[in-house]
Amino acid sequence: MAYPTLAALIMATFLPFAAFLLIMIFTRMKPGLSARLSIGSVAVSFVCSVVLLAQNWAAPGPVEYSTQFLASSGLNVQVGFLADQLGLLMLTIVAAICLLVQIYSLGYMAGDPGFSRYYAFMSLFAWAMLSLSVSRSLLQIYVFWELVGLSSYLLIGFWYEKFSASQAGKKAFVMTRAGDVAFFLGIFVVLLNAGNLGVLELNGPTATRMPHEVLTLSALLIFGGIVGKSAQFPLMTWLPDAMEGPTPVSALLHSATMVAAGVFLFARLFPFFSLSPEAMGVFLAIGTISMLLASTMAMVSRDIKRVWAYSTISQLGLMIMGLAAGGYFAGVFHLTTHAGFKALLFLCSGVFIHHFGTNDFYELGRSGSRGLKIPTISIVIAAAALSGVPPLSGYFSKESIMSALAGLSNPMWLLAGLLGVFLTAYYSFRVMFVMFFPKSVEQESGHAHAPDHAGYRAMTGPLVFLATVTVLLGFFEAPIKNFLAGMLVIDLHAPETNWSHIAALVLSIAGLALAWFEFGRRGAEQVGFVEKIPPLYRLFAERWYLDHIYGLFVDRVIDRGISWLCWQNDNKVIDGAIDELAGGTVEGGRISAFLQTVMIQYRLLAIFAVLVFLAFYFFFEKI
Amino acid sequence: MHMEPANFPYLSAILGTTVAGLIAIMLIPAEKKELIRRVSATFSGITLVISLLLFFAYDRSMGGFQFVEDYSWIPSLGIRYINGVDGFSLPNLLLTGIVFFTGVLTMWEMETRVKEFYALYFLLVTGVFGLFMSLDLFFIFVWYDVSLFPMYLLIAVWGTTRKEYGAMKLTLYLLAGSALILPAVIFLYFKSGLGTFGFVPLMQSGMSGTIAPWEQKFAFILLFLGFGILAGVWPFHTWSPVGHAAAPHAVSMVHAGVLMKIGSFGVLRVAIMLCPVGWSYWAPLMAVLAAIGIIYGAFAGLRQTDLKYVIGYSSVSHMGVVGLGLSTMTVEGLNGAVFQMFAHGIMTALLFSSIGYIYDRTHTKMVPELGGLSRVMPVASTFFIVAALASMGLPGLANFWGELVVFIAAFRTYPPLGVIAVLALVVTALFMLRVVQRTFYGPVDEKFSKLQDVSFFLGVPRMILAAVLVIVGLYPSILFDVIHTASAPFINGLPK
Amino acid sequence: MNWMIAAPEIFYFAAAMWFLMLSFFSKPDPRREHLSSLLLASLGVLVCLASVGAQGYLFIQAFTADIYSQVFKILLSLGLFLIIALCGNLPDIGERRIQDFYFLLFTCTLAMMLLVSAGHLLSIFVSLEVSSYSLYILVALRRNQDFGLEAGIKYFLVGTFASGVMLFGMALLYSSSGATYLSDMARLLPEMIGQPAVVIGLVLTLGGFFFKLAVFPFHFWAPDAYQGASNQVAAYIATVSKVAAVAVIARVVAHAGQESTYLVHVLVILSVASMTVGNLAAIAQKDLKRLLAFSTIAHSGYILIGILAMNPAGWTGTIFYALALLAMKFTAFLVVIELAPEGQNLQIDDLAGLHRRSPLLALALMVSLFSLAGIPPTIGFTGKFLVFVAAIERGYIALVIIAMINVVISLYYYLLAIRAAYLLEPAVELPALTPSMPIKLLAGISTGLIVAAGFFPYPFIRIAQAAAQVLLVGR
Amino acid sequence: MIVPLSHALILSAILFGLGVFCAVSRRNLIMMVLGIEIMLNSASIAFVAAALRWQNLEGQTFVLFILAVAATEVSVGLAIIVYAFRRTGSFDPGNYNLLK
């Protein structure tokens with residue numbers, strides 16, 4: 001199965017890149033063709049990935065293709081494909097969501113002046129993300145990691161004429177870059193100590209040869225990249241701003257796939273990371289903090305996309321908690337289900353936003369959003385899945401994370417996780433209730449009926465598909481578990497503790513109930529309890545002031561601090577010294593020239609004086 | 001060192017073409033501007049073709065110096081006209097060919113004193129080509145100066161911001177560097193006792209220790225400072241932003257793209273390869289200066305509002321990467337450094353070329369006065385953005401590989417400096433993105449809304465440069481294969 | 001006695017007499033005088049070329065003809081020819097005095113030829129004085145007499161002061177060693193070089209030649225003389241007279257100064273002082289000729305580097321440098337003379353717009369100035385390179401670094417002049433310059449020579465090496 | 001030998017110094033020329049004395065030539081100076097300061 005598999009992998013990953021080049025160079029002026037190219041290529045990728053997944057469903061171990069790269073630079077880096085279960089699963093998820101979102105975008109982006117550009121960037125992203133999924137070495141992962149960041153930057157700032165959009169793109173790039181630098185350094189540490197960057201080698205015996213401290217250090221550094229890309233604490237603030245991009249972009253990049261790349265990397269290097277319990281402890285803590293902070297932010301936001309963005313952060317935090325707790329399957333499974341329902345949430349929201357032209361869900365509710373039947377039903381399903389309501393997919397994956405947390409000796413983590421479950425249910429149904437049970441409906445009839453045109457159909461088709469997946473995916477827990485179990489020798493079966501299941505279920509219902517009480521029931525004033533405590537509200541709404549701190553840091557320390565110092569040093573000290581030297585020389589020239597114009601007798605005297613000096617020099621020279 | 005004689009004098013053909021172009025331009029009456037442009041494009045195109053041929057004709061399995069031409073020149077001093085290329089000079093020759101040709105096309109719309117401009121430009125490039133291919137220290141010095149002094153007029157006549165100040169500063173600064181080089185070169189000539197300025201015999205006597213350690217240390221620091229000034233080594237970098245900002249576009253391209261490479265190439269070819277002992281003695285200093293340059297250039301660039309100043313400071317930072325690579329004394333370091341020279345050359349050339357287009361249209365290169373250009377001239381903006389991304393070290397574009405390899409080498413040799421250098425990536429990203437945002441994004445200014453996007457013809461030079469960035473970015477081995485043939489034997493042959 | 005070895009001298013003597021006779025018996029006719037002088041000068045070049053192989057002595061060895069002197073005679077005759085070629089239009093010399101002018105030029109050249117052949121202190125002294133007196137008068141001849149007379153007086157005072165010093169030095173040298181022939185000195189002096197009277201006498205003797213070459217501190221006349229003299233005379237002083245000075249200094253130092261570290265130190269001090277003072281003062285100049293005067297002072301400093309190395313490479317470099325100086329100073333003055341048809345003094349700002357008025361002259365100016373600055377590939381660079389090689393061979397690397405720094409300083413003012421020619425636009429539109437065909441040719445050839453000899457210096461180095469053989473005495 | 005050479009040299013050195021002093025201190029062009037003449041003559045004295053010491057005639061010859069040259073010098077110098085005096089009416093070297 002060697003060559004067909006390799007060919008399928010190459011097709012799956014590189015076709016979108018070809019589409020990107022073709023669109024950029026040839027079809028910028030032909031939007032229809034661009035879209036067809038892009039969708040066609042990603043469809044082929046999807047088919048290839050499904051075929052690969054099916055082929056390898058029962059395969060005993062990972063399949064690896066590698067070739068020497070950069071050999072002549074003095075580094076020994078192997079690049080190629082690593083088609084193991086995790087990679088293929090991710091490949092399929094990414095290809096599927098990419099395909100759906102691109103189809104959806106046909107409707108959403110219709111008529112945009114940058115339509116071709118949009119599809120070009122989407123293809124670029126698809127290429128990078130698909131390749132990332134099946135990369136065989138850390139360096140290769142880093143390369144595509146950065147390219148994913150680039151496409152994210154380009155897509156967030158897609159509507160570049162909007163200041164906030166370009167600002168958000170820049171912020172996203174720089175903040176993830178900060179994390180990536182840590183990742184980059186981590187790669188160096190690994191390379192210099194293990195001498196190898198292959199994922200399988202690192203997960204295998206190579207890592208055990210590294211000194212423990214170095215291993216912990218490199219794990220922490222690599223985790224820095226995860227923090228940046230998955231918007232974890234403290235680099236979390238770029239993700240809400242990234243919602244400035246078109247909604248399909250948010251659905252694809254900033255919820256379902258790209259931000260999940262961080263978690264994916266964690267899963268990729270799970271055996272490596274788990275060699276360092278200290279590092280795992282740090283990861284657990286960061287995941288927990290991120291999850292809780294983001295949840296609190298989501299509780300007070302009025303922008304529907306931002307709520308989902310916060311929830312993404314929090315869910316990613318939850319995945320990292322699960323992984324860090326040793327629940328490999330739990331994290332990956334939640335990643336899978338989350339991709340489905342989060343994409344669904346965004347795509348549904350996108351329909352509303354596109355239709356009503358606002359991001360404020362209070363506004364949406366007032367405008368009569370429940371008139372759009374398919375999106376309404378889909379978004380409720382997705383929100384329920386997010387909240388962990390059985391029997392939707394989110395329920396199953398959350399349960400497995402809870403059981404992983406329950407397996408830890410310290411119950412604090414489980415409690416935090418449960419608190420997260422409660423908050424999630426609360427904020428997601430806050431949105432639902434506000435949207436669909438508004439206090440007043442302004443234009444009941446105007447927009448209520450669903451439009452019926454090709455664009456709308458292109459948008460709703462993916463919704464239906466994703467909703468189906470969300471409903472059904474949970475029942476595939478066992479097969480997926482078995483599938484993933486094929487690749488790892490470590491214990492995937494965390495001890496089952498039933499009470500955590502029940503507690504999670506109860507808490508999610510409680511959150512839902514609280515949301516109903518405050519927002520849903522007839523006559524509710526639709527003001528959350530947090531909003532009644534102004535300081536807390538402000539803290540949450542200002543995102544725990546993280547952005548202020550960063551803003552101050554960049555402004556005071558970097559811009560007006562170091563940068564100012566460097567610039568002043570250049571101007572005043574270095575150039576000052578040089579100009580002073582030059583000026584001094586010219587001044588010396590003036591003096592020298594003046595001395596040449598003195599009366600002739602003084603000149604004769606000078607000659608004589610020099611001669612006398614030279615004569616004396618003869619006697620003193622020997623001393 | 002293996003020396004493979006040439007069956008066809010490719011190298012002299014390159015020099016001959018530029019000189020012939022120079023003479024042809026001088027003979028055309030100044031009024032026939034279009035003809036002058038065409039002649040310039042033709043001759044520069046020929047050099048590009050020859051350098052491409054050369055690049056692919058070079059036998060990578062054999063390595064060493066190839067296409068060697070050797071003629072007696074001044075026998076009484078042991079000066080010979082020796083040309084030859086190895087893995088270090090080959091990428092630089094190609095770089096020069098590319099930047100030379102695209103520079104001619106970039107200046108196509110310039111109307112003032114066309115004849116003189118192209119004549120001086122050809123003279124400048126002749127020097128650059130000569131320096132990269134010469135294997136005789138006398139000629140290296142001659143070409144070094146030939147490539148510098150036309151800069152004065154090129155900047156002072158056709159430049160923009162503070163042009164006379166910039167031109168004077170740059171010329172004096174750089175020639176001050178040559179004031180250190182010449183004595184050191186002659187010093188080595190005598191200390192080797194060989195009575196030759198030939199590079200290869202001198203290198204062997206440096207390797208074998210015929211040139212005593214203290215002599216190597218002394219000569220090395222002179223040569224390093226002398227060439228380093230041109231390479232923008234901190235703290236001798238301040239001519240670079242001023243000079244870039246003042247120079248006309250094609251000259252900025254050649255200057256940042258190629259001339260700064262002459263500096264780093266000189267450090268490598270003359271200082272390092274002739275004085276290996278001096279190298280190992282001064283390497284820590286080199287590394288520290290380079291690391292400071294990397295981070296300092298990035299921070300200083302953050303505050304700039306003139307597009308060319310931004311690029312000037314980013315050049316300081318990037319050339320710091322080259323310096324860091326050269327200071328590691330490893331195969332990887334040298335590989336990465338030479339690769340980075342090439343990548344940075346193409347990247348800055350593209351940046352300056354794009355800025356040139358923007359400036360020609362908007363008549364400003366101040367960031368606050370620009371904005372929203374992406375709407376008006378999407379293609380021109382794309383070129384700039386591609387180059388900006390490359391300068392941020394984005395994978396898939398050429399610079400990444402150079403930086404990666406250098407950083408790894410640095411991380412191995414000087415871990416703290418390696419960390420500092422890597423951290424600068426964030427700052428570079430910050431200031432490049434700021435510039436991109438403020439220049440190309442945001443609402444369109446009313447006065448720019450009527451501007452034309454870059455036409456196909458004017459887009460050609462930028463397309464070439466962008467394509468090179470992408471090709472090398474996707475297939476870096478095309479360069480590394482070549483560079484490695486020079487770096488590995490050199491490092492392995494170092495005295496222990 | 002073979003009088004043929006003095007053929008150049010005899011020829012120039014006859015030519016000088018011809019003009020003397022003319023001034024007695026004929027009405028001045030500038031055109032005729034110019035053509036006849038041009039003819040004589042070109043014949044003189046031929047005579048010098050023909051007698052290049054002459055070897056021998058005259059006047060009990062006070063006159064020595066060897067390859068060294070003959071090479072320098074060729075340079076001198078060539079210089080005279082070139083200067084006379086620029087004398088087609090002599091607005092600053094009164095028509096009445098035109099015959100005297102040529103008479104003095106030929107006399108001066110004759111004296112310099114004697115100087116480069118002189119082998120005895122007395123013949124050196126006499127020929128030096130004769131050439132100086134001719135020049136004093138030539139300087140004072142200028143029609144603008146406020147300038148000419150003042151320059152003449154200053155030149156004269158410094159000159160005679162220097163010859164007084166020289167004479168005193170010669171007296172010391174003679175009284176302590178008894179040697180008056182250079183060949184005797186080469187034999188006697190190495191043993192007694194430690195004696196103060198000998199070596200101080202030697203330095204004082206050199207002072208007279210330093211005056212010719214405008215070495216610090218004997219340079220004080222140069223700026224005023226250049227500025228005050230007419231353009232052609234300034235050109236003559238800057239080219240021909242410098243060549244002669246180089247020749248005699250090199251010969252005397254080679255014969256008398258070997259083995260003296262003190263002398264080397266003195267030369268180092270004077271060399272550094274010359275180039276520094278010259279280059280610094282040149283920065284502040286507005287008058288082009290005055291600037292060139294200071295640049296000459298700086299160049300004398302560079303030449304001293306070659307002389308003080310006192311090795312074969314040094315002599316070769318020095319001789320080559322003399323040739324280079326002739327070529328580049330001539331080219332620069334050619335532009336000055338062509339730009340000042342009224343014979344007026346040229347300010348740097350007057351160069352404005354030159355690149356449009358006459359691209360050829362602008363190019364010639366640029367090349368000559370870059371050559372003066374020592375930028376390759378020009379003859380000025382090669383000259384510097386040769387002397388620097390010689391100095392570093394002796395280990396004077398610090399001196400070379402100082403010299404290179406001076407080169408950078410000098411570049412500043414050369415660039416200012418080039419900037420004026422290429423960058424500035426004149427306040428009032430000036431007409432295009434159309435130099436006559438011979439002048440164009442001359443400018444083209446000299447510019448080409450500067451570049452070609454910079455790039456292919458070997459033939460000239462061979463000549464210099466051959467001449468330098470003569471100086472390898474006492475080793 | 002009645003007078004030792006060193007005495008003669010000292011005398012000539014003193015004379016030289018006086019000549020320099022005269023040339024440098026008197027603000028009169030004529031006096032400057034005179035001072036320089038004295039410098040030349042001091043050299044003559046040294047030459048004569050040295051000729052006596054070395055018992056040859058070269059020193060004496062020198063003196064003859066010096067006399068001739070000095071005469072030339074005076075004629076050339078005075079010619080220029082007198083001419084200048086006629087134009088400006090001043091012998092003060094400080095007044096000749098046009099060139100700068």
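Naming convention: chains lettered A, B, ... in sequence-line order (proteins, then strands); numbering from 1 in each chain.
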(message) Is D:S44 close to chain C through its backbone or its side chain, or both, or neither, when contacts mean heavy atoms under 4.5 Å?
(response) neither

(request) Examine whether an atom of C:Y181 lies under 4.5 Å from a heavy atom of chain D, and if so say whether it belongs to the side chain, the backbone or both; otherwise answer neither. (result) side chain

(message) Taking side chain as everything from C-beta outward and backbone as N, CA, C, O, which of these in C:S123 sits under 4.5 Å from a heavy atom of chain D? Side chain, backbone, both or neither.
(response) neither

(request) Quick one: pull up CE in D:M32 and CZ in C:F156 and give me the separation to the nearest 0.5 Å. (result) 10.0 Å

(request) Taking the side chain as every heavy atom from C-beta outward, state whether D:V69 and C:V130 have any pair of such atoms under 4.5 Å apart. (result) no

(message) Measuring only between side-chain heavy atoms, which start at C-beta, is D:V33 closer than 4.5 Å to C:T160?
(response) no

(request) Under 4.5 Å heavy-atom distance to chain C, tell me which part of D:A13 shows up: side chain, backbone, both or neither. (result) both

(message) Taking CZ in D:F91 as the centre, count heavy atoms belonging to other residues, nucleotides or ligands within less than 6.0 Å. Is the count above 12?
(response) yes

(request) Let me know if C:A151 has heavy atoms under 4.5 Å from chain D in its side chain, its backbone, both or neither. (result) both

(request) Please check if the side chain of C:Y174 supplies one atom and the backbone of D:F47 the other of a donor-acceptor pair under 3.5 Å. (result) no

(request) Using the six-membered ring wherever Trp is involved, compare the ring planes of D:F62 and C:F125 and label them parallel, tilted or perpendicular (cut-offs 30° and 60°). (result) tilted

(request) Output yes when a side-chain donor or acceptor of C:E150 lies under 3.5 Å from a complementary backbone atom of D:L98, and no otherwise. (result) yes

(message) Taking atom CZ as the centre, does D:F85 end up with more than 12 heavy-atom neighbours from other residues, nucleotides or ligands that are less than 6.0 angstrom away?
(response) yes

(request) Report the distance from atom OG of C:S175 to atom CG of D:L5, rounding to the nearest 0.5 Å. (result) 5.5 Å

(request) Can you measure from CG (C:L167) to CD1 (D:I36) and round to the nearest 0.5 angstrom? (result) 12.5 Å

(request) Please look at C:F168 and chain D and tell me whether the side chain, the backbone, both or neither of the residue comes under 4.5 angstrom of a heavy atom of that chain. (result) both

(message) So for atom CZ, which belongs to D:R26, do other residues, nucleotides or ligands contribute more than 12 heavy atoms lying within a distance under 6.0 Å?
(response) no

(request) Sort out for me which of C:S176, C:G148, C:P223 touches chain D most, counting heavy-atom pairs under 4.5 Å. (result) C:S176

(request) Sort out for me which of D:I38, D:T72, D:I66 touches chain C most, counting heavy-atom pairs under 4.5 Å. (result) D:I66

(request) Below 4.5 Å from any heavy atom of chain C, which atoms of D:A51 appear? Answer side chain, backbone, both or neither. (result) both

(message) Taking side chain as everything from C-beta outward and backbone as N, CA, C, O, which of these in C:K286 sits under 4.5 Å from a heavy atom of chain D? Side chain, backbone, both or neither.
(response) neither

(request) Sort D:N56 into side chain, backbone, both or neither according to what part of it lies under 4.5 angstrom from a heavy atom of chain C. (result) both

(request) Measure distances from C:M170 to the heavy atoms of chain D and classify the residue's part below 4.5 Å as side chain, backbone, both or neither. (result) both

(request) Output the distance between atom CG (C:D224) and atom OH (D:Y96), rounded to the nearest 0.5 Å. (result) 14.0 Å

(message) Within the supplied structure, the quantity of interest is the number of heavy atoms (other residues, nucleotides, ligands) at a distance under 6.0 Å from C:R96 CZ; does it exceed 12?
(response) no

(message) Using heavy-atom distances under 4.5 Å, tell me whether C:E129 contacts chain D through its side chain, its backbone, both, or neither.
(response) side chain

(message) For a quick test of reading the model, state the closest non-hydrogen atom pair linking C:G164 to D:L40 and the distance between them.
(response) CA-CD2, 3.6 Å

(request) Give the minimum heavy-atom separation between D:I80 and C:A140, together with the two atoms involved. (result) CD1-CB, 4.3 Å

